[in-house]
Student: 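Just passing along the structure, written as structure tokens.
Worth saying up front: this structure is predicted, and the values here are computed from it rather than measured. Just so it is clear, the values below take in all heavy atoms, side chains as well, and ignore hydrogens, waters and symmetry mates.
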Amino acid sequence: MRPNIVSEAGLQTRLGQWWESIPFLTSAVVGVCGTIYLICLLVGYDSFYEICFLPSAVLSRFQVYRIFTSIIFHGSVLHVLFNMMALVPLGSELERIMGSVRMLYIIFLLAISNALFHLTIALLVAYNPIHSDPFLMNECAIGFSGILFSMIVIETSLSGHQSRSVFGLFNVPAKWYAWILLVVFQVVMTNVSLLGHLCGILSGFAYTYGLFNFLIPGPSFYSTIEASSLLSSCVRRPKFILCTGGNPSAFIPTYSSQGTASSGFSAGSIWRNLSSWIPQRETSAQSAQDGHMFPGRGRTLGSGRNTASDANSESNLQVRLLDNSNSENPSDMAVIGTGQQLSDGRRSTLNNTAVAAAEVPVHHQDYVVSEEEIQKLVSMGFERTQVEVALAAADGDLNVAVEILSQQG
């Protein structure tokens, strides 16, 4: 037997496959940060005073370019290595949800919000009447870790996990994960910007609560950018992820955006946003969030209640399928109910579950099947007649129609 081809691949091949699996923007950020560090290393540039985020310079000389230069420069090989190793899984997951262009916009948005939080806290500490300290105004911060902490908060919010592992050593509640990492890095590592990481967490929570929704454009904005000639060479790359066809909303799911596309500054949203300083998960919010992230219908394994409801749903769908078919062929109609039996032709097509659930009233709604939907399923190998009946039974839901056709097959 021929051995597994993966085991035969050399290190270079495996690295190439790993690199190709990273989405376009994430790999681009890794490449840019790594290249900049190598250039600084080769030319001997190790004084980052002109490019770091320095609150006093940003305010007094209005050097706003520091907001963006500070996130792509790193101070040491371990600094850039750890940040990029953390970026690959985080950025890849978020980019696959958002799309490459939207992810780039979010990075710019987070960089600006981090800077605003940084400046605000530094000013409060430097000029408060109780105990002023100008230290933070003269702190020089560089590195991508501030953005990474924002991504950690957003990814933790989207994941739905109740606990997270800290370096595989111990588990902590998901809502405390970013704060635990903040403390761990501050204790374990030296010369770490506490304020930079803290501002990243605050920006992540602000985005998660929907406070930035009014700053995020709709899908048409990203589609226009993707269609421009400037990005034509990038869009054609297999690693590039389009924003269209993914998440239908203008922003990824947040706590304040469940069931609405309005800004997070409504009266109710403001109260919810200020009621707690950390995210608090709710079952209804999470289920709605999952519905935005993964269109279609799914099942929760290991739940008896969900299993029963799914069985009833499948039974009702099969009964509706029979009802649609009988409306076209009245002579073949089979009466289903207590003390009644199915005809021989129908008994072969329905299982016991459908017979048991046939007593449930079925509220049928007429649905006009479009030719486009029919062709999609016909192209998958299903017969046209079965496709029409399945689509009518599923009220046009392609996922449910495919499930019905698969069960029949």
Student: Once the angle between the rings of Tyr45 and Phe48 is folded into 0 to 90°, is it parallel (under 30°), tilted (30 to 60°) or perpendicular (over 60°)?
Tutor: perpendicular
Student: So do Tyr207 and Ile154 actually touch side chain to side chain, heavy atoms under 4.5 Å?
Tutor: yes
Student: How close do Asn83 and Leu148 get, counting heavy atoms only, and between which atoms?
Tutor: O-CD1, 3.4 Å
Student: Which heavy atom in Ile67 sits nearest to a heavy atom in Ile71, and how many Å separate them?
Tutor: O-CG2, 3.7 Å
Student: Measure from the side-chain N and O atoms of Ser100 to the backbone N and O of Ile241, and report whether any donor-acceptor pair falls under 3.5 Å.
Tutor: yes
Student: So which of Ser21, Ser27, Cys234 actually passes side chain to side chain contact (heavy atoms under 4.5 Å, CB included) with Lys239?
Tutor: Ser27
Student: Check whether any side-chain heavy atom of Leu81 lies under 4.5 Å from a side-chain heavy atom of Met85, and answer yes or no.
Tutor: yes
Student: Check whether more than 12 heavy atoms from other residues, nucleotides or ligands sit under 6.0 Å from atom CD of Gln375, and answer yes or no.
Tutor: yes
Student: Going through the distances and angles, do Ile404 and Gln386 end up as a side-chain contact (heavy atoms from CB on, under 4.5 Å)?
Tutor: CA-CA 9 Å; Ile404 295 174; Gln386 296 178 345; over 6 Å; no
Student: For Val58 and Phe62: C-alpha separation, side-chain torsions, deciding distance, then whether side-chain contact (heavy atoms from CB on, under 4.5 Å) applies.
Tutor: CA-CA 5 Å; Val58 174; Phe62 201 65; 6.0 Å; no
Student: Would you say Gln17 and Arg14 are linked by a side-chain donor-acceptor pair, where the criterion is simply a distance under 3.5 Å?
Tutor: no
Student: For His161 and Thr156, which I'm curious about, is there any donor-acceptor pair between the side chains at under 3.5 Å?
Tutor: no
Student: Taking only residues two or more places apart in sequence or in another chain, which ones pass disulfide bond (SG atoms under 2.5 Å apart) with Cys33?
Tutor: none
Student: Taking the six-membered ring where the residue is Trp, are the ring centres of His118 and Phe53 under 6.0 Å apart?
Tutor: yes
Student: Show the nearest heavy-atom pair for residues Val192 and Met189, with the distance to one decimal.
Tutor: CG2-CB, 3.5 Å
Student: Quick one: closest heavy-atom pair of Asn114 and Ser150, and the distance?
Tutor: OD1-OG, 3.6 Å
Student: Taking all heavy atoms of Ser157 and all of Thr208, pick out the closest pair and write down the distance.
Tutor: OG-CG2, 3.1 Å
Student: Is the shortest side-chain heavy-atom distance between Ser228 and Leu231 below 4.5 Å?
Tutor: yes
Student: Which is it for Val77 and Phe82 under the side-chain contact (heavy atoms from CB on, under 4.5 Å) test, yes or no, and what are the steps along the way?
Tutor: CA-CA 9 Å; Val77 62; Phe82 287 157; over 6 Å; no
Student: Answer yes or no: is there a side-chain heavy-atom contact under 4.5 Å between Leu123 and Met137?
Tutor: yes
Student: Nearest 0.5 Å, please: how far is CZ in Phe170 from OG in Ser163?
Tutor: 12.0 Å
Student: What is the distance from atom CD1 of Ile97 to atom OG of Ser92, rounded to the nearest 0.5 Å?
Tutor: 11.0 Å
Student: Nearest 0.5 angstrom please: Phe73 CZ to His79 NE2, how far?
Tutor: 13.0 Å
Student: Hey, what do you get for CG (Leu198) to CG (Leu202), rounding to the nearest 0.5 Å?
Tutor: 4.5 Å
Student: Using a strict threshold of under 4.0 Å (side-chain N to carboxylate O), is an ion pair present between Glu20 and Arg237?
Tutor: no
Student: How about Trp179 and Phe149: are their ring centres within less than 6.0 Å of each other?
Tutor: no
Student: Looking at Glu226 and Cys243, would you say the former's side chain and the latter's main chain have a donor-acceptor pair under 3.5 Å?
Tutor: yes
Student: Please report the C-alpha distance between Ile72 and Phe68 in whole Å, then the side-chain angles of each, then the deciding distance to 0.1 Å, and finally whether the side-chain contact (heavy atoms from CB on, under 4.5 Å) criterion is met.
Tutor: CA-CA 7 Å; Ile72 58 177; Phe68 305 106; over 6 Å; no
Student: Enumerate, atom names and distances included, each donor-acceptor pair closer than 3.5 Å involving a side-chain atom of residues 104-113, sequence neighbours excluded.
Tutor:
residue, atom, partner, partner atom, Å
Tyr105, OH, Leu215, O, 2.4
Ser113, OG, Leu109, O, 3.2
Ser113, OG, Leu110, O, 2.9
Ser113, OG, Ser203, OG, 2.9

Student: Can you tell if the side chain of Cys40 reaches within under 4.5 Å of the side chain of Asp46, non-hydrogen atoms only?
Tutor: no
Student: So does Leu116 get a backbone contact from the side chain of Thr120, meaning a donor-acceptor N/O pair under 3.5 Å?
Tutor: yes
Student: How close do Ile142 and Cys52 get, counting heavy atoms only, and between which atoms?
Tutor: CG2-CB, 3.3 Å
Student: Looking at Glu371, I want to see if its CD is surrounded by more than 12 non-hydrogen atoms of other residues, nucleotides or ligands under 6.0 Å.
Tutor: yes
Student: Would you say Tyr222 and Ile216 make side-chain contact, with heavy atoms under 4.5 Å?
Tutor: yes
Student: May I ask you to test the Gln162-Lys175 pair for a side-chain heavy-atom distance under 4.5 Å?
Tutor: no
Student: Rounded to the nearest 0.5 Å, what separation is found between the CG atom of Leu182 and the OG atom of Ser145?
Tutor: 10.5 Å
Student: Report yes if the side chains of Trp176 and Arg164 come closer than 4.5 Å at any heavy-atom pair, otherwise no.
Tutor: no
Student: Look at atom CG of Asn191 and say whether more than 12 heavy atoms of other residues, nucleotides or ligands are closer to it than 6.0 Å.
Tutor: no
Student: In Å and rounded to the nearest 0.5 Å, what is the OG1 to CD distance from Thr26 to Glu95?
Tutor: 4.0 Å
